[in-house]
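Here's the structure, in structure tokens; my notes come after.
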Amino acid sequence: MAARVRKAVFPVAGLGTRFLPATKSVPKEMLPVVDRPLIQYAVDEALEAGIEQLIFVTGRGKVAIEDHFDVAFELETTQTNRGKPLSALKGTRLKPGDCVFVRQQEPLGLGHAIWCAREIVGNEPFAIFLPDEFMVGAPGCMKQMVDAYEQVGGNMICALEVDPSETSSYGVIDPGARNGALTEVRGLVEKPKPGTAPSNLIVAGRYILQPDVMRILETQEAGAGGEIQLTDAMARMIGTQPFHGVTFNGDRYDCGSKLGFAEANFALAMSMPDIGPKLRTFARQLIEQEAATDLAGGSVD
Ligand code: UTP
């Protein structure tokens with residue numbers, strides 16, 4: 001039987017340069033999708049999947065993440081004294097020991113960030129969440145992956161089909177046999193040059209890995225973009241251990257990109273009963289106005 005996945009690593013030390021200037025002093029992971037920061041959704045997804053210890057790999061300028069999961073004494077006392085409920089803060093208080101913060105001192109890449117958590121992960125399988133990949137599903141993405149992991153063990157990555165023109169921005173899977181939601185992984189390539197990708201199946205921000213990957217990362221050389229890549233270290237485990245991609249049954253938004261972030265906010269807001277109907281009316285008006293302007297512009301020509 002596969003060992004239980006009890007720990008999760010959240011690498012949150014990246015610089016978030018695609019979101020400057022917003023991310024100059026605010027961590028990318030604290031940007032909200034409607035009313036909750038991205039990191040909160042990822043933590044909720046982890047807890048739903050049965051994860052017990054949350055390991056955040058942070059860097060300078062990321063203390064807001066630590067504060068977010070701490071007790072906010074002044075805020076909670078003031079709200080309580082005013083007779084206001086604390087329900088909006090649900091899920092934001094993590095117990096000491098249930099969450100651990102380590103620092104990546106230089107942004108040397110995702111693989112290096114994961115390696116920074118090696119002492120806390122120890123010798124057991126662990127999950128990884130990239131919080132800027134926003135996954136919406138019931139059950140959540142990691143719960144679906146844990147359920148699959150309990151059947152086949154080994155290593156698991158969330159697999160997602162994208163338009164072939166997008167593969168050069170991601171880790172790409174060389175797929176083998178398919179069985180339901182599971183696809184055998186025969187190879188992995190990080191950010192392949194256009195036209196060279198082995199498929200249009202990408203690695204989408206969620207992983208369950210065996211601790212052996214930490215030993216491999218120890219000596220992993222820099223790869224694509226001059227960074228120590230997790231994909232390269234995972235590729236070295238293929239053939240020595242089972243390795244599968246899991247197709248997530250749900251919606252995924254790449255909130256590391258402006259378009260994905262805007263889409264996530266729009267989709268989530270539309271689904272909320274208190275603001276969805278008004279937003280729909282607003283969106284319709286906006287589109288009608290744009291169409292009318294286009295038409296007016298067209299008639300001038
Ligand atoms: P990204 O490739 O999205 O990089 O990292 P980034 O720095 O966050 O954002 P951009 O591209 O500059 O806009 C993917 C994940 O890996 C983490 C990031 O925090 C993000 O969760 N990461 C990346 C680290 O923790 N350390 C690194 O050195 C690099």
Side-chain angles (χ1 to χ4, degrees), residues 7-33 37-43 45-46 54-66 68-69 99-118 120-121 126-135 141-142 157-158 160 162 166-172 188-192 202-207 209 213-214 217-218 220-234 252-264:
K7 301 187 181 189
V9 179
F10 299 78
V12 291
L15 299 177
T17 53
R18 284 171 289 167
F19 268 95
L20 285 170
T23 47
K24 188 178 173 194
S25 62
V26 174
K28 174 170 77 172
E29 299 76 16
M30 289 302 294
L31 297 178
V33 176
L38 281 167
I39 190 73
Q40 181 75 58
Y41 292 104
V43 162
E45 186 188 324
L54 310 150
I55 305 160
F56 298 87
V57 181
T58 70
R60 275 176 298 283
K62 299 278 182 167
V63 276
I65 297 175
E66 219 163 318
H68 179 76
F69 291 109
C99 61
V100 182
F101 295 85
V102 287
R103 280 204 175 201
Q104 181 190 27
Q105 292 172 318
E106 288 175 83
L108 295 179
L110 174 59
H112 179 258
I114 300 302
W115 177 79
C116 290
R118 68 199 177 284
I120 306 155
V121 166
F126 64 105
I128 300 173
F129 290 75
L130 306 194
D132 57 359
E133 297 268 0
F134 177 50
M135 307 298 221
C141 183
M142 187 52 72
I157 46 188
C158 179
L160 187 97
V162 297
E166 293 176 40
T167 49
S168 57
S169 307
Y170 297 100
V172 181
L188 288 164
V189 195
E190 183 63 31
K191 299 190 177 65
I202 64 151
V203 183
R206 299 290 183 274
Y207 313 69
L209 298 179
V213 75
M214 294 297 192
L217 283 167
E218 188 96 35
Q220 186 64 52
E221 308 259 320
E227 296 193 331
I228 297 174
Q229 296 290 355
L230 180 63
T231 305
D232 297 342
M234 292 191 303
R252 168 259 188 189
Y253 302 91
D254 178 4
C255 288
S257 78
K258 287 178 211 174
L259 178 63
F261 182 72
E263 285 172 349

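Values reported hereafter were calculated over all heavy atoms of this structure, with side chains retained and with hydrogens, waters and symmetry mates removed. Throughout, numbering of the chain's residues begins at 1 and tracks the sequence. As the structure lists them, so they are numbered: ligands from 1, and atoms in each ligand from 1.
- Ranking the protein heavy atoms by distance from atom 2 (O) of ligand 1 puts Arg18 NH2, 4.3 Å first.
- Listed here is the closest heavy atom pair of Phe129 and Pro131: O-CD, 3.3 Å.
- Side-chain atoms of Tyr170 do not come within 3.5 Å of backbone N or O of Val162 as any donor-acceptor pair.
- Put simply, the side chain of Glu133 does not reach to within 4.5 Å of the side chain of Cys141, judged on heavy atoms.
- The two residues Ala46 and Leu54 have their closest heavy-atom pair at CB-CD2, 3.9 Å.
- For Glu218, the CD atom sits in a packed shell: over 12 heavy atoms of surrounding residues, nucleotides or ligands are nearer than 6.0 Å.
- Within the 4.0 Å heavy-atom shell around ligand 1 one does not find Val57.
- Less than 4.0 angstrom separates some heavy atom of Asp132 from each of these atoms of ligand 1: 3 (O).
- The atoms of ligand 1 that sit less than 4.0 Å from any heavy atom of Gly109 are 26 (N), 27 (C), 28 (O), 29 (C).
- In the vicinity of Gln104, heavy-atom distances shorter than 4.0 Å reach the ligand 1 atoms 24 (C), 25 (O), 26 (N), 27 (C), 28 (O).
- In this structure, Val203 and Leu230 have side chains that are not in contact, with every pair of non-hydrogen atoms separated by 4.5 Å or more.
- Counting the atoms of ligand 1 from 1 in the order shown, those under 4.0 Å from a heavy atom of Ala113 are 24 (C), 25 (O), 26 (N).
- Both the backbone and the side chain of Pro107 come within 4.0 Å of ligand 1, counting heavy atoms alone.
- Looking at atom 7 (O) of ligand 1, its nearest protein heavy atom turns out to be Leu15 N, 2.8 Å.
- Nearest heavy atoms, Lys28 versus Lys62: N-NZ, 4.2 Å.
- Although no hydrogens or angles enter the test, the distance criterion places a donor-acceptor pair under 3.5 Å between the side chain of Thr23 and the main chain of Gly16.
- When heavy-atom distances to ligand 1 are checked against a 4.0 Å cut-off, Glu29 comes that close only through its side chain, counted from C-beta outward.
- Note on ligand 1: Glu106 sits outside its first shell, no heavy atom being nearer than 4.0 Å.
- Residue Gly14 places at least one N or O, backbone or side chain, under 3.5 Å from an N or O of ligand 1.
- Of the protein's non-hydrogen atoms, Pro11 O, 3.8 Å is the one closest to atom 20 (C) of ligand 1.
- In this structure, Gly256 falls outside the shell of residues with a heavy atom less than 4.0 angstrom from ligand 1.
- In terms of N/O distances under 3.5 Å, ligand 1 is approached by Ala13.
- Closest protein heavy atom to atom 14 (C) of ligand 1: Leu130 CD1, 4.3 Å.
- When atom types are taken as modelled, the side chain of Arg206 and the backbone of Leu130 share a donor-acceptor pair closer than 3.5 angstrom.
- The protein atom (non-hydrogen) at minimum distance from atom 12 (O) of ligand 1 is Thr17 OG1, 2.5 Å.
- Taking 4.5 Å as the limit, every side-chain heavy atom of Arg18 sits out of range of all side-chain heavy atoms of Phe261.
- Checking atom 16 (O) of ligand 1 against the protein gives a heavy-atom contact under 4.0 Å.
- With a heavy-atom cut-off of 4.0 Å, Leu110 touches ligand 1 through backbone and side chain alike.
- At least one heavy atom of Lys28 sits less than 4.0 Å from an atom of ligand 1.
- Of all atoms in ligand 1, listed by their number and element, those nearer than 4.0 Å to a heavy atom of Leu108 are 28 (O).
- A side-chain donor-acceptor contact under 3.5 Å links Gln229 to the backbone of Ala224.
- Residue contacts with ligand 1, taken as heavy atom pairs separated by less than 4.0 Å, do not involve Thr23 at all.
- Contacts of Phe56 classified as ring-ring contact (aromatic ring centres under 6.0 Å, His included), with partners at least two apart in sequence or in another chain: Phe10, Phe69, Phe101.
- Glu45 contributes a side-chain N or O that, together with a main-chain N or O of Met142, makes up a donor-acceptor pair within less than 3.5 Å.
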